[in-house]
4 protein chains.
Amino acid sequence: MDQKQDKLNQILEAATIVFAESGYAGARMDMIAERAGVNKATIYYNIGNKEKLYEKVLQSIFGNELSNTEEKMRSISSPVEKLELYITSIAEAIDRNPAIPNIVMWEHASGGMSLPEIIAQEIAGMIENLALILDAGEKQGLFKKINPMLVQFMIIPALMFYKTSSPIRDKHHAFPEIARNLPLAVSGKFANEMVRFILEGLKK
Amino acid sequence: MDQKQDKLNQILEAATIVFAESGYAGARMDMIAERAGVNKATIYYNIGNKEKLYEKVLQSIFGNELSNTEEKMRSISSPVEKLELYITSIAEAIDRNPAIPNIVMWEHASGGMSLPEIIAQEIAGMIENLALILDAGEKQGLFKKINPMLVQFMIIPALMFYKTSSPIRDKHHAFPEIARNLPLAVSGKFANEMVRFILEGLKK
Amino acid sequence: MDQKQDKLNQILEAATIVFAESGYAGARMDMIAERAGVNKATIYYNIGNKEKLYEKVLQSIFGNELSNTEEKMRSISSPVEKLELYITSIAEAIDRNPAIPNIVMWEHASGGMSLPEIIAQEIAGMIENLALILDAGEKQGLFKKINPMLVQFMIIPALMFYKTSSPIRDKHHAFPEIARNLPLAVSGKFANEMVRFILEGLKK
Amino acid sequence: MDQKQDKLNQILEAATIVFAESGYAGARMDMIAERAGVNKATIYYNIGNKEKLYEKVLQSIFGNELSNTEEKMRSISSPVEKLELYITSIAEAIDRNPAIPNIVMWEHASGGMSLPEIIAQEIAGMIENLALILDAGEKQGLFKKINPMLVQFMIIPALMFYKTSSPIRDKHHAFPEIARNLPLAVSGKFANEMVRFILEGLKK
DNA sequence: GATGAATGAGATTTCATTCAT
DNA sequence: TATGAATGAAATCTCATTCAT
């Protein structure tokens, strides 16, 4: 039983990496099997087909990594601190699971047609969460009135591009010094600077 | 002569759309040929192979659409106005050529290994441009000191995600009202709000 | 296990025939698959690609058929008998595997650029073998001094052309009676006549 | 008019080289056109198609180079000298037009199905010619009785393999010294040695 | 349950030939 | 007459999936 779960996890981990690297269309079942150290037919036996495997990958990523952000925020009341936590905890999730930004990019690039409803709900929850924070801040006279979607679009895409642009920035010598060799982790300096900048912009 | 250029453009346009929709791995030469209204072999006759076609698409997009931003800015001296123009002209380029954000996402998702040096230089130029604007604003006592990469990451990814997330947001009913049915154009209300927010955050 | 070897052999046999009939450029993977009674993809699964398949054919032909000539000669000491065996055993190998002369011709016609080193060694071994026989005969006062390459060039090409010219000679009515309807086997009358003629020419 | 003939000759020469190098199936109309310095469509306009072009190449080679051997022999009466001339003039023809052995090999390898009747007659004529020489020699008590096909097979294939094996012998280091770096011309030392050896074998 | 082998459908690419000027 | 451009047919090769054990 445990062994079976192990094998399933191996497959899922391998699939996550390969899908993150190559996207759905570019991923090869061969690569996944090899990386997982199992026979290709084993994947079909255990999971079904490429599409189902991809869905499982999406679920494991979004279900496990991003969903617990909300919980952490319950204990905090200050909108400023909540916003800070919102940004840093997303940054940390991304650092913890570097497949997230890649998969999100693949999904966005492809129009997100394979995004399961359950994951859409996850993301929708994040938006609502942020909207509540901003609303509370406004009501407490801390923040000015702002379109939550603008803030959302300035936080999450920035964190993700920071990560996915890393190989591009490092590879090409054309990039200026400030763009090259940035820290790999987005949850450190970069996320903190972002927190400060956004709070500044929100300040009444 | 002109007719040949026409056919090349047809191919390039069709390829741009298909690559934007499906990415490199997912794009089918068949689709591109059909969309361009030419025989598949005509593509091979004119371009060579899939890889070269993709490169040409990248070049046409980045070379034509994004590169002329810089010129527009020459006549303006105020850093505030320059920053405003920076954001709005990128937003307009994206609206004009909706393939841009998709292709950028595909490239980022895949690690950008097929990004030609020429295009890297284009992007590098944009970063340097923004850095100069921010530096000038700082020296004139208008802006506070800020990491230009942070600002860069809060502008361009936001504009692009705004566009690419559109089908995802509209498709899933889970998304809250504020996320659904946003205007298609990013260069209107959204870009203006962004300009205001960023200037606010930069203000000394 | 055995069955896999069987299928490999089927593929190899079919490929040998098709390559012998049509050469590398003219051979069609379709034909080979059909002749072998397997799916085309099976060839790619087992072998890799056309080039590798061709190499394997070359190796099987030269490694299996021609290489054992040398062994047979060990037990014989007389240079005359050795030379006789040299000629007749090559003739027999050619009769046994009629693909040999065709493939040799294709290779010679194309400049032999795809001939693997291993096979070149095989052929080189045959030349050295003949040179030793002639040298021994000379030292024993039986043969006159002769350029071994001349003898080599008068034996092997003759045996091979005998076989490959058969369809040409039989097809065209222009050919004189002595050229038409020669026995199919080269290892019978023809090889014996050759043995006699060459020994005559070598006799001191 | 002359210019047209020039262009036709260019095409024919280029085609001869390419067919000699790559065979019928391996030859590419593109290569031929490029080598001839004309547009591909020009070949089709002037000649028709690949098959007709190949036929013209065969005709030019066999009609021009090999056919005049016979004439040269008329003035000579001695069978010994005639045989010598037979061998050396074929060797010279081969040296003069190095495409001959390659094309002959391609034809033999493929079963010679595209060999036009006219060329078969040419070859048949050579066989009859040799048979007459041997017969005369026998009747004059100079040669022993011999199968003319045996002699034919020991002359022409040897001369041709000498040429076509050259790149193979030189490329592979496995070949013994005596096989490497033989003179390029077959009409010198090698043809003379052959003449001597064959006359020796024929001597009564 | 697990896997090496096999494959059908379809992808990219090639090439002799034709078209339009 | 000549040619740059275009193409239909067919070639090689790939890949998600299934089969047989």
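Within every chain, numbering begins at 1; the chains are lettered A, B, ... in the order of the sequence lines, protein sequences first and strands thereafter.
As rounded to whole Å, 12 Å separates atom P of F:dT14 from atom CE of A:Met31. A:Ile11 has its CD1 atom 12 Å from the P atom of E:dG1, to the nearest Å. One atom, NZ of C:Lys7, and another, P of E:dG4, lie 17 Å apart when rounded to the nearest Å. The separation between B:Asp6 atom CG and F:dA5 atom P is 13 Å, rounded to whole Å. Here E:dA5 presents its P atom at 16 Å from CD1 of C:Ile43, a figure rounded to the nearest Å. In this structure, B:Leu53 atom CG and E:dA11 atom C1' are separated by 15 Å, rounded to whole Å. Going from atom CD1 of A:Ile47 over to atom P of F:dA16 covers 14 Å, rounded to whole Å. In this structure, A:Lys52 places its NZ atom 13 Å from C1' of F:dT17, rounding to the nearest Å.
When side chains are defined from C-beta on, C:Glu117 does not count as touching D:Lys171, because their heavy atoms never get closer than 4.5 Å.
Checking F:dA2, E:dT7, E:dA2 against the side-chain heavy atoms of A:Thr42 singles out E:dA2 as nearest.
C:Tyr45 has no side-chain polar atom (N or O) that falls below the 4.0 Å cut-off from OP1 or OP2 of E:dA6. At E:dA2, one or more side-chain N or O atoms of A:Asn46 fall inside 4.0 Å of OP1 or OP2 (strictly under the cut-off).
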Checklist outcome for this item: Under the rule of Watson-Crick or G-U wobble with both distances under 3.5 Å, where | means paired to another strand and [ ] a crossing pair, DNA chain E maps to .||||||||||||||||||||
Using atom names, set out every protein N or O paired with an N or O of nucleotides 12-15 of chain E below 3.5 Å, distance rounded to 0.1 Å.
unit_1	atom_1	unit_2	atom_2	d
E:dT12	OP1	B:Ala27	O	3.4
E:dT12	OP1	B:Lys50	NZ	3.2
E:dT12	OP2	B:Met29	N	3.0
E:dT13	OP2	B:Tyr44	OH	2.9
E:dT13	OP2	B:Lys50	N	3.1
E:dT13	O4	B:Lys40	NZ	3.3
E:dC15	OP1	D:Arg28	NE	2.5
E:dC15	OP1	D:Arg28	NH2	3.1
E:dC15	O5'	D:Arg28	NE	3.3

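The backbone N or O of A:Glu107 lies less than 3.5 Å from a partner atom in the side chain of A:Ser110, making a donor-acceptor pair.
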